[in-house]
2 protein chains.
Amino acid sequence: MTASSDMRDDALVPGSPAWWAARPGAHGTPRRGRPSLDPGHIVKTALRLIDERGVQDFSLRTLADELGSGTATLYRHFANKDEILAHVVDRVLGEPDLGDLDTLGTWQETLTTMGHRLYEVLRRHPAVIPSLMAQIPVGPNGLAQREHVLRALLGHGLPAGLAARAFTAVGHYAIGFTLQQHGPAAADPAAAPQLATFYRNLNPGSFPAITHTADVLTSVPLDEEFHFGLDCLISGIERHAPHD
Amino acid sequence: MTASSDMRDDALVPGSPAWWAARPGAHGTPRRGRPSLDPGHIVKTALRLIDERGVQDFSLRTLADELGSGTATLYRHFANKDEILAHVVDRVLGEPDLGDLDTLGTWQETLTTMGHRLYEVLRRHPAVIPSLMAQIPVGPNGLAQREHVLRALLGHGLPAGLAARAFTAVGHYAIGFTLQQHGPAAADPAAAPQLATFYRNLNPGSFPAITHTADVLTSVPLDEEFHFGLDCLISGIERHAPHD
DNA sequence: ACCTGAACACCGTTCAAGT
DNA sequence: ACCTGAACACCGTTCAAGT
């Protein structure tokens with residue numbers, strides 16, 4: 001069965017319409033000899049280049065060069081650059097295995113685990129985050145992730161509306177946190193920890209509150225900071241859940 | 001006094017180093033006759049073009065055309081395109097007046113009001129959100145906003161660490177929410193409300209949890225949805241605050 | 001001294017010409 | 001039939017030449 005049978009006929013997919021067509025391994029016999037140009041290999045190479053040089057410096061020209069082909073060849077596998085980026089995003093989202101989420105004891109643990117795994121993956125691929133935010137991830141792995149988490153939450157008795165909102169909230173939190181801490185300012189890789197320093201170096205007369213809070217902030221390790229905020233968020237959801 | 005006196009001498013500003021130099025109105029006598037090219041006018045026009053046509057279609061060429069000049073002229077006022085975008089972001093952040101935040105009764109109200117005003121502003125300028133996320137907003141208005149909110153929170157006795165994290169969390173939430181609901185998929189302006197429809201049209205056999213929760217989601221108005229999530233978040237912060 | 005037309009080195013995308 | 005070199009219409013940025 002093809003993956004497209006998972007959707008009702010002509011449903012318009014936000015983002016690219018032919019999401020599933022160019023999925024890795026969908027092509028026929030790979031050419032023998034030099035590394036073949038199946039979509040999976042293209043996407044894998046694209047991710048590596050983005051990780052190494054950043055999205056800003058990622059062009060179809062450099063991708064084609066790395067693959068030993070011309071740019072026109074890429075268009076035989078993907079509709080355009082955005083579609084390639086969308087597949088890169090989906091490949092990243094597929095890295096953590098979320099199939100074990102429903103073995104956890106509580107929906108709180110489910111959300112905590114989802115948050116941590118998402119955080120780990122985004123830390124590994126910070127340069128991909130802007131593409132992640134350019135559209136809602138509706139590729140196969142993005143959908144599978146959403147399905148696994150929602151299924152676990154519903155299984156623990158969380159109301160459907162709350163489950164959906166909790167998933168979104170945790171996702172936003174992890175993305176927003178990672179973006180500001182390891183985000184595309186990572187073009188200058190030393191810039192990330194300097195933000196607190198920048199705040200602390202402002203004029204205390206003009207910005208007393210900013211400078212004061214900056215002093216406290218720098219002493220907390222990033223992982224702990226992420227942990228704390230996630231706990232906060234889940235506590236808040238808990239207060240809106242039934243029988244508490 | 002110039003705005004730059006608010007910072008200690010050579011502090012490296014994340015993003016562009018000469019943030020304050022090109023602030024609106026800083027230039028001398030505007031040329032008489034046709035609309036002058038002071039930085040404020042350039043930024044205002046850039047924001048209008050981005051609002052009208054989206055960031056994707058915003059180029060220095062179109063901006064220069066709209067201003068009746070050449071692209072090279074823009075480089076006499078700003079270092080590069082990113083600096084122009086950073087100023088556009090700061091202009092947007094300056095739209096809500098946050099000076100009255102310390103008149104509110106509780107820190108919870110402070111955060112709620114901040115969230116709502118940020119949400120309103122982002123809804124008015126959804127095309128600017130990607131630029132907002134490209135770097136931490138450290139322009140004059142971004143700093144003033146942070147200072148006002150933190151001052152109000154500290155004034156209500158919130159610990160400094162919690163205040164800083166709460167500010168960040170609410171900011172992330174508003175940005176993340178607005179992005180997904182009114183974000184750059186707004187290239188297709190009908191796409192935003194279709195996300196829930198997309199989820200609902202998936203195969204219920206393959207995605208039972210997604211389709212089930214999608215049914216619930218569509219009935220809730222967006223403003224209410226935003227409200228609920230914000231309440232959730234603030235409740236969570238409340239549980240980590242002292243004497244509760 | 002100040003401004004900017006015209007060029008430079010790219011970019012995503014297309015298609016006619018090759019095999 | 002399949003592939004792709006070379007072109008097209010852009011882009012951000014620079015600078016020599018104008019005033």
Side-chain angles (χ1 to χ4, degrees), chain A residues 15-18 21-22 26-39 41-43 45-46 49-50 53-88 127 130-131 134-135 184 187, chain B residues 15-18 21-22 26-39 41-43 45-46 49-50 53-88 127 130-131 134-135 184 187:
Chain A
S16 99
H27 267 238
T29 52
R31 223 155 273 58
R32 59 226 151 118
R34 59 186 172 89
S36 79
L37 269 186
D38 70 295
H41 185 235
I42 295 176
V43 171
T45 306
L49 288 178
I50 291 172
R53 318 213 247 266
V55 234
Q56 210 66 250
D57 291 341
F58 171 76
S59 75
L60 298 189
R61 221 80 64 159
T62 62
L63 176 56
D65 283 355
E66 190 77 9
L67 293 166
S69 73
T71 55
T73 307
L74 299 173
Y75 286 83
R76 296 196 44 74
H77 302 283
F78 299 93
N80 49 41
K81 189 187 189 183
D82 282 346
E83 191 174 293
I84 294 180
L85 289 178
H87 279 265
V88 167
S131 307
Q135 52 169 79
Chain B
S16 98
H27 266 238
T29 51
R31 223 154 273 57
R32 61 227 147 115
R34 61 187 171 87
S36 80
L37 269 187
D38 72 294
H41 185 234
I42 295 176
V43 172
T45 307
L49 288 178
I50 291 172
R53 319 212 244 267
V55 233
Q56 210 65 251
D57 291 342
F58 171 76
S59 75
L60 298 189
R61 223 79 66 157
T62 62
L63 175 57
D65 283 354
E66 190 77 9
L67 292 167
S69 73
T71 54
T73 307
L74 299 172
Y75 285 84
R76 295 198 45 74
H77 302 282
F78 300 94
N80 51 40
K81 189 187 189 184
D82 281 347
E83 190 173 292
I84 294 180
L85 289 178
H87 279 266
V88 167
S131 307
Q135 53 171 77

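The sequence lines fix the lettering, A, B, ..., with proteins before strands; numbering per chain opens at 1.
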Could you measure between the two P atoms, the one in D:dA7 and the one in C:dT19, and give it in whole Å? 16 Å
Mind checking the P distance from C:dG18 to D:dC8? Whole angstroms is fine. 16 Å
Tell me: [atom1] of [X] to [atom2] of [N], nearest whole Å?
| X | N | atom1 | atom2 | result |
| --- | --- | --- | --- | --- |
| A:Gln56 | C:dC11 | CD | P | 12 Å |
| A:Leu67 | D:dC3 | CG | P | 15 Å |
| A:Leu63 | D:dT4 | CG | C1' | 15 Å |

Starting from the C-alpha separation in whole Å, work towards a yes-or-no answer on side chain to side chain contact (heavy atoms under 4.5 Å, CB included) for B:Ser131 and B:Val55. CA-CA 8 Å; B:Ser131 307; B:Val55 233; 4.0 Å; yes
Think B:Thr73 has a side-chain N or O under 4.0 angstrom from the OP1 or OP2 of C:dC3? no
Side chain to side chain, B:Leu74 and B:Leu67, heavy atoms closer than 4.5 Å: yes
Got a donor-acceptor contact below 3.5 angstrom from the A:Thr62 side chain to the A:Phe58 backbone? no
Residues two or more places apart in sequence or in another chain: which of them pass side-chain contact (heavy atoms from CB on, under 4.5 Å) with A:Asp82? A:Asn80, A:Leu85
If a pair satisfies salt bridge (Lys or Arg N to Asp or Glu O under 4.0 Å) and one of its residues is in residues 53-62 of chain B, list it, with sequence neighbours excluded. none
Minimal heavy-atom distance between B:Ser59 and B:Lys81, with the atoms involved, is CA-NZ, 4.5 Å
What are the two closest non-hydrogen atoms of B:Ala127 and B:Gly54, and how far apart are they? CB-CA, 4.1 Å
Sequence-distant partners of A:Gln56, side chain to side chain donor-acceptor pair (under 3.5 Å), two or more places apart: none
B/S/- contact track for nucleotides 12-17 of chain C, protein heavy atom under 4.0 Å: BBBB--
Watson-Crick or G-U pairs under 3.5 Å in DNA chain C, rendered as dot-bracket with [ ] for crossing pairs and | for another strand: ||.|||||...|||||.||
